[in-house]
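Computed from a prediction, not measured in an experiment: that's the story for all the values here.
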Amino acid sequence: MSQKFYVIKDDNDSAATHPAVSLEKYQSELNASQLDAVTTTRGALLVVAGAGTGKTKTLTYRAGYLIESGIAAADILLLTFTRRAAREMLARASTLCDVRAAAIEGGTFHSYAHRMLRQYSNRLGFERGFTILDQSDSEDIIDLVRTSLNFHKKEKRFPKKSTLQNIISSGANKQLVVNDVVALSYPHFAHFTEEILLLATAYRDYKQTNALLDYDDLLTEFKRLLTSHTDIHEKISASIRHLMVDEYQDTNLVQDDLVRLLCKVHGNVMAVGDDAQSIYSFRGANFRNILDFPKKFADCKVIKLEENYRSTERILSLTNFVINQATEKFTKHLFTRTKPGGEFPAIVAAPDERFQSKFIAQMVLELREEGVGLDKMAVLMRSSRNSFELELELAKRKIPFVKYGGQKFTEAAHIKDVLAHLKIILNPKDVIAWNRALLLLEGIGPKTAQDFTTWVKQAQNPYNIEASDVSPKYIAATRGLAELLKSLSAGKEPAAKLIEKVVQYYLPLLRAKYFEDYPKREKDLENFIAIAQNHPSLEDLLAELALEPVDFSAVGTERSVDDEAPLVLSTIHSAKGLEWHSVFLLDALDGVIPSSYAVGDAAELDEELRLLYVALTRAKERLYISYPILSYQRAIQDYLTNPSRFIANVPPDLFERITLIDARQMPPPLPQSASQLSSPPKQLGHSDNSPSGGSDDLPF
């Protein structure tokens, strides 16, 4: 049976019927393209927003405009890729119009899917009290299944749990069967295809039996809910009169399908993104989603935001040249009215990696003397391992720095210990959490923990550990745990109070297990309790931590200088969406950007080019692109490098070249009379003022 939706038109759908809406404040704050995007409220709209062109401002003003046009805030859905981004936009929209904006439904794809699944879980056949697995939990369960199937005893090396998790996750995000994922991305494991398929099935069954959903399940199960239950699909879609999606270039195939499903009734959908910043294919993001958006929605209007408010004219000239090398793209040209001229971007050829690090450290100090704060500067790199030499140089010069891309708060062992107890309270069938909590107890080993979890699966009241069939001597060791869980499961206390009680129980175990650094870990536990203060529900807290882990942990960090925020070191992927006064790009080499693995594949080369573009467009005032002429690899020792092919043919009028000179090799100063006739060569960290000037002693 076919089904058709028929929408009864409402005057509220048109701003023209609400003369109270004043365009004056929008016209005064927005450029022509932004205003067009804000006031186009009917049908499908794609906004191709170049870097630094006011994408967030446009989304914010559009939300405010819709509300002032008479659209109920609860009928607007804003999907972003971080909750922080959604909260920021909604807060700004509230100041623009009024507090009504706070009622806009906003969040990430995963958080919205999570809310809907909690509401309709019975229609999919699983319990409302399901637990969300983070990546580490997923890997642990896969390892458990792997062991139960005896795949760890294979004569040939069977894939590790992390690799297996990647294979299963890629299949979900890219909508591929496991066989195809193995054939395309892991051909060296092709002889294990049948075993991997069997393991993936067993992993799915395990989750279903134990009321568990992993990160990818949130989207795939939400899609299944909408496609297999027409009444629910119609109800949810009819409640969304305007759908806005941020960062569309980062969506995967499932998210792209969800957008079309969610806007089925009203058809008012706005997608915002920049094809030139699509750099997450390794996570399943599909570049074609944004390119093909106009083809998938009838009468789709395309608006380009090209006026840049972040970077200087000369930085934009270089970035425009770089991205124009892409084979597939929306053609656009970034320009600025507010920041004409500016310093030329610099390409720096260093003799070796040590000199490259010395240059960056010295230039950082010089910029600091000019009044640029350390935290207004960033060193970007392809991989976190690229900065090892630089970190040594910064430490030697006492330059404080923070590095993005490290351990997540919830990945710290002591936080996972506490989380295990909380997960048991929420879902007593979570045997992975039980196993972790039990192994903390003195005298309980893996075999005994397994005996307990086997009993837990069948127990009517898993918290009543004394009733288990495990040996009495081991039951005695679990008495404290049993008392804790019984007391916490009895009432409905706020999340922070529950965590306080778990931490109080856990502290003696913490001090015994992590004797050398337990004070730092205790600080993390205090932070955890503080985080929980904003979450009255334990269910919501655990869901948010799984969906968007906190970035900072006290373990492994050192206190920086109290009076100065640190320099930022970051991978390019972690830097997307951020900006700094001055940006240094480390190791702009062929084989690094682009990666040697991408050579020979046009689509992968294009993504590598976009990765470089993202790095360059983070800079507001100063941009330095450096690479070592001589590098080192263990297998081949020292070797001559090539600069990235993406910058090798940059026209000389778009940059300045800096050649580094070792001050120790400079000739002695000339006599005063002679020095008046000739200027000495520039020392490390300086350059000519001409666009392509500089010594040619070292090849570019």
Side-chain angles (χ1 to χ4, degrees), residues 131-137 139-141 143 406-428 430-450 452-453 456 462-463 465 473-491 493-535 538 541-542 544-546 549-559:
T131 298
I132 302 174
L133 303 170
D134 61 20
Q135 182 173 327
S136 177
D137 292 331
E139 291 178 2
D140 288 344
I141 292 175
D143 199 41
Q407 185 185 58
K408 299 288 186 185
F409 182 77
T410 50
E411 291 173 354
H414 51 295
I415 299 298
K416 290 187 73 67
D417 289 343
V418 172
L419 283 171
H421 295 79
L422 299 173
K423 289 176 180 178
I424 295 170
I425 297 166
L426 193 63
N427 177 11
D430 190 341
V431 294
I432 294 297
W434 271 105
N435 188 66
R436 187 176 191 100
L438 288 164
L439 288 175
L440 290 170
L441 304 176
E442 187 175 354
I444 304 292
K447 175 64 172 64
T448 306
Q450 185 177 0
F452 274 113
T453 56
V456 162
Y463 304 128
I465 301 177
K473 69 175 182 179
Y474 297 121
I475 290 177
T478 65
R479 186 165 292 118
L481 176 62
E483 291 174 357
L484 172 75
L485 296 176
K486 284 178 186 177
S487 67
L488 297 184
S489 62
E493 295 182 283
K497 193 67 178 176
L498 291 171
I499 295 173
E500 281 183 19
K501 291 183 177 181
V502 171
V503 168
Q504 186 178 4
Y505 158 83
Y506 174 65
L507 280 177
L509 303 174
L510 171 79
R511 291 165 182 164
K513 186 177 180 181
Y514 306 106
F515 177 76
E516 293 188 359
D517 65 351
Y518 73 81
K520 282 186 177 181
R521 297 179 189 267
E522 287 184 6
K523 183 65 176 175
D524 273 351
L525 298 179
E526 292 174 16
N527 291 338
F528 193 11
I529 295 170
I531 290 169
Q533 297 290 345
N534 298 320
H535 297 79
L538 178 61
L541 173 64
L542 295 185
E544 180 162 336
L545 289 174
V550 180
D551 283 323
F552 175 75
S553 170
V555 177
T557 65
E558 295 297 332
R559 184 183 297 275

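The minimum heavy-atom distance between E442 and A477, with the atom names listed, is O-CB, 3.8 Å. Here the closest heavy-atom approach between residue Y514 and residue Y506 is recorded as CE1-OH, 3.5 Å. Shown here for A437 and A420, the closest heavy-atom pair between the two residues is N-CB, 4.4 Å. Contact detail for L484 and K501: the closest heavy-atom pair is CD1-O, 3.8 Å. When all heavy atoms are compared, the tightest approach of P428 to P462 is CB-CG, 3.8 Å.
For the atom pair L438 CG and T448 OG1, the distance stands at 9.5 Å (nearest 0.5 Å). In this structure, I465 CD1 and I475 CD1 are separated by 8.5 Å, a value rounded to the nearest 0.5 Å. Taken from CD in E522 to NE2 in H414, the straight-line distance is 10.0 Å, to the nearest 0.5 Å. Going from atom CD1 of I444 over to atom CD of Q450 covers 13.5 Å, rounded to the nearest 0.5 Å. To the nearest 0.5 Å, atom CG of residue L510 and atom CG of residue D417 are 8.0 Å apart. A distance of 5.5 Å separates CG of L481 from CH2 of W434, quoted to the nearest 0.5 Å.
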Apply the test side chain to side chain donor-acceptor pair (under 3.5 Å) to residues E500 and Q504: give CA-CA distance (whole Å), side-chain angles for both, the deciding distance (0.1 Å), then the verdict.
CA-CA 6 Å; E500 281 183 19; Q504 186 178 4; over 6 Å; no
Check step by step if side-chain contact (heavy atoms from CB on, under 4.5 Å) holds for L525 and L507.
CA-CA 9 Å; L525 298 179; L507 280 177; 4.1 Å; yes
Begin from the C-alpha positions of D134 and D137 and carry the test side-chain contact (heavy atoms from CB on, under 4.5 Å) through to its verdict.
CA-CA 5 Å; D134 61 20; D137 292 331; 3.1 Å; yes
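Of the residues L419, L422, I424, the one that meets the side-chain contact (heavy atoms from CB on, under 4.5 Å) test with V502 is L422. Each of L488, L541, V503 was checked for a side-chain contact (heavy atoms from CB on, under 4.5 Å) with L498, and the lone residue meeting it is L488. Just one residue in the list N427, L426, T131 forms a side-chain contact (heavy atoms from CB on, under 4.5 Å) with L542, and that residue is L426.
Applying the salt bridge (charged side-chain N to carboxylate O under 4.0 Å, His left out) test to D430 and every residue at least two apart in sequence or in another chain returns nothing.
Heavy atoms from other residues, nucleotides or ligands lying under 6.0 Å from NZ of K416 number more than 12.
Side chains of L538 and E493 form no contact here, defined as non-hydrogen atoms less than 4.5 Å apart.
Side chain of Y463 to main chain of I425: a donor-acceptor pair is present (N/O by atom type, distance under 3.5 Å, no hydrogens or angles).
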